[in-house]
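Read the structure below first, then the notes.
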Amino acid sequence: MQRYFLNENAEINQRFFITDKSDVHHINNVMRLSKDDNIVVNFLNKTYKSKILNVNDQIEIETIEALEINTEFPIKITLCSGLIKADKYEWLLQKATELGASHFIATQMDRSIVKLTEAKVHKKIDRWQKIVKEAAEQSYRQIIPDIKYISNLDAIYDMINEYDYVLIAYEETAKKGEKSNFKHILQNVKKDSQILMIFGPEGGFSEEEIHLFNDKATYIGLGPRILRAETAPLYALSALSYEIDLMR
């Protein structure tokens, strides 16, 4: 059953309108749904099976059954990535949403090949948010992750007290054979923890960027193989999912 999102609280037997143009198009022209068909709608407070009452330039629905489901991680994971090539970053957003990331931060780093001007930021974020929304619907997420653009790592440093864990996947740490830091955190992280994971762009971190976090972050290795910038976050999320979703 197709899933959609509404940014409202809901109760049983309430009526709502889906007005988002892409959702209306999807219901009308892709799914070809009609009156009395059912969809699943994720509201702010709950997920409901909902019946379509009217199909037009907006979709009128009524909540008919509360669904007791939970597809979200019990921890909140923020992925901060250095800007990488557009197609690779969009693929990363899609797959990381499927794997459970809660928030994304795209950051200009010293070795980023891609340069994002302020004039292009809003357009990029709109496109990225659309990709994340569609991935959240496809993977039965109950929230849509949000995306921010922050122009440099200094601003990230100023935010890190918001998190219980700050992890930096550093290639040099892996080359030295470090294997225990990430494993220890995976096995001991508590429910409702906030985790910030920082990953470099194609060229990796500069020494200045690494030194910036010396007193605030844990440097982790992700195994002996060198992972691409778009692969490393997915490796880390997969490890978290295995430990939290399957082993507890």
*side chain to side chain contact (heavy atoms under 4.5 Å, CB included) between Thr97 and Gln138, worked out*: CA-CA 10 Å; Thr97 298; Gln138 184 275 328; over 6 Å; no
Shortest non-hydrogen separation from [X] to [Y] and the atoms involved:
X: Asp164; Y: Ser193; result: OD2-CA, 3.3 Å
X: Glu11; Y: Tyr48; result: CA-OH, 3.4 Å
X: Gln142; Y: Ile69; result: NE2-O, 3.2 Å
X: Phe73; Y: Gly100; result: CD1-O, 3.6 Å
X: Phe182; Y: Leu240; result: CZ-CG, 4.4 Å
X: Glu137; Y: Arg3; result: CG-O, 3.4 Å

*Which is it for Phe199 and Leu222 under the side chain to side chain contact (heavy atoms under 4.5 Å, CB included) test, yes or no, and what are the steps along the way?*
CA-CA 11 Å; Phe199 300 87; Leu222 298 179; 4.1 Å; yes
*How about Thr47 and Asn42: does a side-chain donor come under 3.5 Å of a side-chain acceptor?*
yes
*Could you give all pairs that pass the side-chain hydrogen bond (donor to acceptor under 3.5 Å, both in side chains) test and reach residues 144-156, with sequence neighbours left out?*
His103-Asp146
*Restricting to pairs with a member in residues 84-93, which pass side-chain hydrogen bond (donor to acceptor under 3.5 Å, both in side chains), not counting sequence neighbours?*
Glu90-Arg127
*asked:* Under the salt bridge (Lys or Arg N to Asp or Glu O under 4.0 Å) definition, can you give me all pairs with a residue in residues 33-48, not counting sequence neighbours?
replied: Lys46-Glu68
*Residue pairs fulfilling salt bridge (Lys or Arg N to Asp or Glu O under 4.0 Å) with at least one residue in residues 48-65, sequence neighbours excluded*: Arg15-Glu60
Hydrophobic clusters here meaning ILVMFWY residues chained together by side-chain heavy-atom distances under 4.5 Å, can you tell me if [X] and [Y] are in one?
X: Met31; Y: Ile61; answer: yes
X: Ile143; Y: Leu99; answer: no
X: Ile195; Y: Leu234; answer: yes
X: Ile39; Y: Tyr140; answer: no
X: Ile18; Y: Val55; answer: yes

*In Å, rounded to the nearest 0.5 Å, how long is the span from CG of Leu93 to CD of Glu134?*
12.0 Å
_Interatomic spacing from CG in Asn45 to CG in Asn9 - rounded to 0.5 Å_ = 4.0 Å
_Working for side chain to side chain contact (heavy atoms under 4.5 Å, CB included), residues Phe213 and Ile198_ = CA-CA 11 Å; Phe213 291 91; Ile198 305 175; 4.0 Å; yes
I'd like to know if the side chain of [X] reaches the main chain of [Y], judged simply by a donor and an acceptor atom lying under 3.5 Å from each other, with no hydrogens or angles considered.
X: Arg141; Y: Ala101; value: yes
X: Thr63; Y: Asn13; value: yes
X: Asn38; Y: Val40; value: no

*asked:* Suppose we screen for side chain to side chain donor-acceptor pair (under 3.5 Å). Which residues come up paired with Ser238, at least two apart in sequence or across chains?
replied: none
*Can you list the steps and then say if Gln94 with Glu98 is a side chain to side chain contact (heavy atoms under 4.5 Å, CB included)?*
CA-CA 6 Å; Gln94 182 188 65; Glu98 293 174 19; 3.7 Å; yes
Show me the side-chain donor-acceptor pairs of residues 110-121 shorter than 3.5 Å, one per line, residues at least two apart or across chains.
residue	atom	partner	partner atom	Å
Asp110	OD2	Ser206	OG	2.6
Arg111	NH1	Gly203	O	3.3
Arg111	NH1	Phe205	O	2.9
Ser112	OG	Met109	N	3.1
Ser112	OG	Met109	O	3.4
Lys115	NZ	Ser112	O	3.1

*asked:* Using the rule given for ring-ring contact (aromatic ring centres under 6.0 Å, His included), can you reason through Phe43 versus Phe16, listing the C-alpha separation, both sets of side-chain angles and the distance that settles it, and then say yes or no?
replied: CA-CA 11 Å; Phe43 293 89; Phe16 296 89; 4.8 Å; yes
*Does atom CD of Gln58 have more than 12 heavy-atom neighbours, drawn from other residues, nucleotides or ligands, at distances under 6.0 Å?*
yes
*Should the pair Tyr170 and Tyr219 be assigned to parallel (<30°), tilted (30 to 60°) or perpendicular (>60°) ring geometry?*
tilted
